[in-house]
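Worksheet for the structure shown next.
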4 protein chains.
Amino acid sequence: MVSSKRLSARTRESGSERRAELLAIAAELFATRGFLATTVRDIADAAGILSGSLYHHFDSKESMVDEILREFLDDQRRTNERVVREAADPRSAITELIRQAFGALLRHPAAIAIFQNESKHLAQFDRFDYLPTVADEFEDTWIEALHAGQQAGVFREDLDLKLTYRFIRDTVWTAVHWYDPQGKHSPQAIAEQYITILCNGIVSPEE
Amino acid sequence: MVSSKRLSARTRESGSERRAELLAIAAELFATRGFLATTVRDIADAAGILSGSLYHHFDSKESMVDEILREFLDDQRRTNERVVREAADPRSAITELIRQAFGALLRHPAAIAIFQNESKHLAQFDRFDYLPTVADEFEDTWIEALHAGQQAGVFREDLDLKLTYRFIRDTVWTAVHWYDPQGKHSPQAIAEQYITILCNGIVSPEE
Amino acid sequence: MVSSKRLSARTRESGSERRAELLAIAAELFATRGFLATTVRDIADAAGILSGSLYHHFDSKESMVDEILREFLDDQRRTNERVVREAADPRSAITELIRQAFGALLRHPAAIAIFQNESKHLAQFDRFDYLPTVADEFEDTWIEALHAGQQAGVFREDLDLKLTYRFIRDTVWTAVHWYDPQGKHSPQAIAEQYITILCNGIVSPEE
Amino acid sequence: MVSSKRLSARTRESGSERRAELLAIAAELFATRGFLATTVRDIADAAGILSGSLYHHFDSKESMVDEILREFLDDQRRTNERVVREAADPRSAITELIRQAFGALLRHPAAIAIFQNESKHLAQFDRFDYLPTVADEFEDTWIEALHAGQQAGVFREDLDLKLTYRFIRDTVWTAVHWYDPQGKHSPQAIAEQYITILCNGIVSPEE
DNA sequence: AATGAATGAGGATTCATTCAT
DNA sequence: TATGAATGAATCCTCATTCAT
């Protein structure tokens, strides 16, 4: 159907177990194969139904990613706010933000990967206007914490905070591409290792 | 090692200027929109010809990325080898590898983005078996340098080198997603900032 | 693809013989079976090609009707203007408009049927906003001629011109549903019969 | 003659109020959007139930139109028969048929539109074989009345009765497309205006 | 009477690719 | 080198219909 005046947009009531199952299946596939490379039939096959049947639950393939991403981003935003609110000082704010970010690998592995890989592509569409917005919010949160630490003399004065944020963010989020739940490092172990390097560097102290 | 196979996989005569132009156009689009989201007609449109005409120059869309990636990876591999060979000590090996990696942002921005974004997807196909291979080579190069540094007492003993490498690699390569040639930081400035943080950490020395 | 920001809208250069052939085939089917009931594959089958191949020539099924209707309406508008301009007096303006309208049965049988049957449905879509506009233009043309005749004392004073126009228009255009090129009446014969009835009524003069 | 078969084709118990409501809703939608463009879900939405629930009342979408059309046609046939039976003379038979036809705009607006717009499409299916049959019956009724009038010297001898009938029928039925219950003309006023034009023409008597 | 989940067939459209000219 | 017409397979999505509950 054309780019017309469609009617009933209905979200197809969002509280259903079947929905959640299907969404989890879709998220997994989107994360693994990519959004474009995942066909609606891939999802349906994985769910054991016909592709058309998916449309009983969702309006479109897009609305599936939409829902997956919104849920993750909402959770992450809430977590960030809490961390910043409860942090005793700037340094523990940053270290805790890092711990929480790595921790999200366990709760939202698929959503993180999708957010990482597909944001640029999805942001083309009006419907996903919130993606860059949320990204900016995240950036603000981190930069404020870094700035507070710099003011307090905890962090080096010669840091360009925007660059610093990007370095951290890229390391933290990109971990989703290699993090292996069955691997030898837990997200917390990874977080601690990264915190050490980030705070004190890789160079030996005696040096 | 792929280095032995070299890049003689090309099917049509590879030494044409038109080819190079077309490849540059394609690379730009693949990097910006993604490989799957870029249609052959997009490329042809951007080149001012019809989509069918592209097949006079290339066998397929895949062979275009293939060529783009091979060229980039070959260059990068050569650069890595030279850096390691010429480095005076482990610390300067690592810092120089970082400088060269950020420096590649100027020479191969599109290819880096494609390598980052599409590797997982392309690696499905036999034709791109070299992608994980090269990635492993890169990892080996870095880890060896890090290990040498650790042995020499320059780098901390408590570093997990595999994790450390991943942190560095993710930061360095992912920069392609936000690096702006018109922006206020040159790749070299970015490299120096990162080297500082990586070596000494973000925490103020007085602390 | 989503309701997004599409690019190259290109009309797919409109001057081609193949296009015209395909358009004629489509018009015939749209007229006979209805726009919705005609599948793109019906058209392709009738043209002896595959359905996807139609998209080499046209953007969509809609753009096909669009073109069919525009061509017809343009022609009809020009004809109306000429008739009105050249008419010696209001009565001959009306009779000649009627003759031309029935005459169009020969030149645009399919387009007339489509215009009749699908206007309401198509007018839903922005792209066809011109349909009601042209319909209004036609109405204006006829009503002006009727009005002039009424002023000149040629037509009854008790005529509601809007109603009169509608009676005429419905009779004339709807004829496309039963007019048979192989039938015993030529469009001109039908026109004359209708002109007689319209001007003088069906009641016997002696009465 | 269909009249003998009557309308006992219904499959589910036909005497429910809910049925009648649903049928009215469906008729309205079929008339407004067209039979094909109206989805079963459109109907269900308008009725405030789910689409599957409609099948508790009706066998299929087709059986809905079927019932709508049969009811209307039966009523119209009875009306026609009565008019002809009770008419004092051929002229009043014709004028009264016209009055009744316009009068039907009030009782069956949706059904008339559906009959007008969808007959050709529906007649493809065996189930709707009665549509052309009834149309022929109607034509016979009118032509007989016209013929009687011509024999009696009331109507012009030079009328081609088949053409005349079509002119009248098209005007009368097509009125459903523009008739507005809230508009300034009642069906009766429209009928009288048309009768005047049909009987005496639009040309001023003095002329 | 109605729900909610699913079917299965079909429909418009996209797109990499081919090939005669 | 390029065009223009076409292929054929796949993609997303629609929709009438079924059926267990």
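Each chain gets a letter, A, B and so on, in the order the sequences are listed, and its residues count up from 1.
Defining each end axis of the helix from E:dA2-F:dT21 to E:dT21-F:dA2 as the rotation carrying four pairs' C1' atoms onto the next four, with five pairs an end, the two axes are found to diverge by 10° to 10 degrees.
The minimum heavy-atom distance linking D:A47 with D:L22 is given by the pair CB-CD2, 3.5 Å.
Among the heavy atoms of the strands lying under 4.0 Å from C:I49 are primed sugar atoms or P, OP1, OP2 only; no base atom is included.
In this model, the phosphate group of E:dA16 is not approached by any side-chain N or O of B:S60 to a distance below 4.0 Å at OP1 or OP2. The side chain of C:R18 contributes an N or O atom lying less than 4.0 Å from OP1 or OP2 of F:dA6. Considering only side-chain N and O atoms, B:Y55 lies nowhere under 4.0 angstrom from the phosphate OP1 or OP2 of E:dT18.
Take D:H177 and apply the ring pair (Phe, Tyr, Trp, His ring centres under 6.0 Å) test, not counting sequence neighbours, and it matches no residue. Applying the salt bridge (Lys or Arg N to Asp or Glu O under 4.0 Å) test to D:R18 and every residue at least two apart in sequence or in another chain returns D:E21. A:R41 pairs by the side chain to side chain donor-acceptor pair (under 3.5 Å) definition with nothing, not counting sequence neighbours. By the salt bridge (Lys or Arg N to Asp or Glu O under 4.0 Å) test, C:D66 is found to be paired with C:R70, C:R127, residues two or more places apart in sequence or in another chain being considered. Take C:D45 and apply the side chain to side chain donor-acceptor pair (under 3.5 Å) test, not counting sequence neighbours, and it matches no residue.
The CD1 atom of D:I43 sits 12 Å away from the C1' atom of F:dC15 (whole-angstrom rounding). Taking atom CZ of B:R41 as the reference point, atom P of F:dT7 lies 17 Å away to the nearest angstrom. Distance NE2 (C:H56) to C1' (F:dT3): 9 Å, rounded to an integer number of Å. Rounded to an integer number of Å, the gap from CG of A:L50 to C1' of F:dC15 is 14 Å. Across the protein-nucleic acid pair, C:F125 atom CZ and E:dA12 atom C1' stand 13 Å apart, rounded to whole Å.
Here salt bridge (Lys or Arg N to Asp or Glu O under 4.0 Å) pairs that include residues 28-39 of chain A, with residues two or more places apart or in two chains, are A:R33-A:D42. The stretch residues 111-124 of chain D participates, sequence neighbours left out, in no salt bridge (Lys or Arg N to Asp or Glu O under 4.0 Å) pair at all.
The residue among A:G48 and C:S51 whose nearest nucleotide of DNA chain E lies closer to the 5′ end is A:G48.
Of the candidate nucleotides E:dA5, F:dT17, E:dT3, E:dA5 has the atom nearest to the side chain of A:H57. The side chain of A:V40 has F:dC12 as its nearest neighbour among F:dC12, E:dA6, F:dA2. For B:S53, counting side-chain heavy atoms from C-beta on, the closest listed nucleotide (F:dA5, F:dA2, F:dT17) is F:dA2.
Between C:F35 and C:H121, the ring-plane angle classifies as tilted under the 30° and 60° cut-offs.
Taking every heavy atom of residues 27-39 of chain A and every atom of DNA chain E, no pair lies under 4.0 Å.
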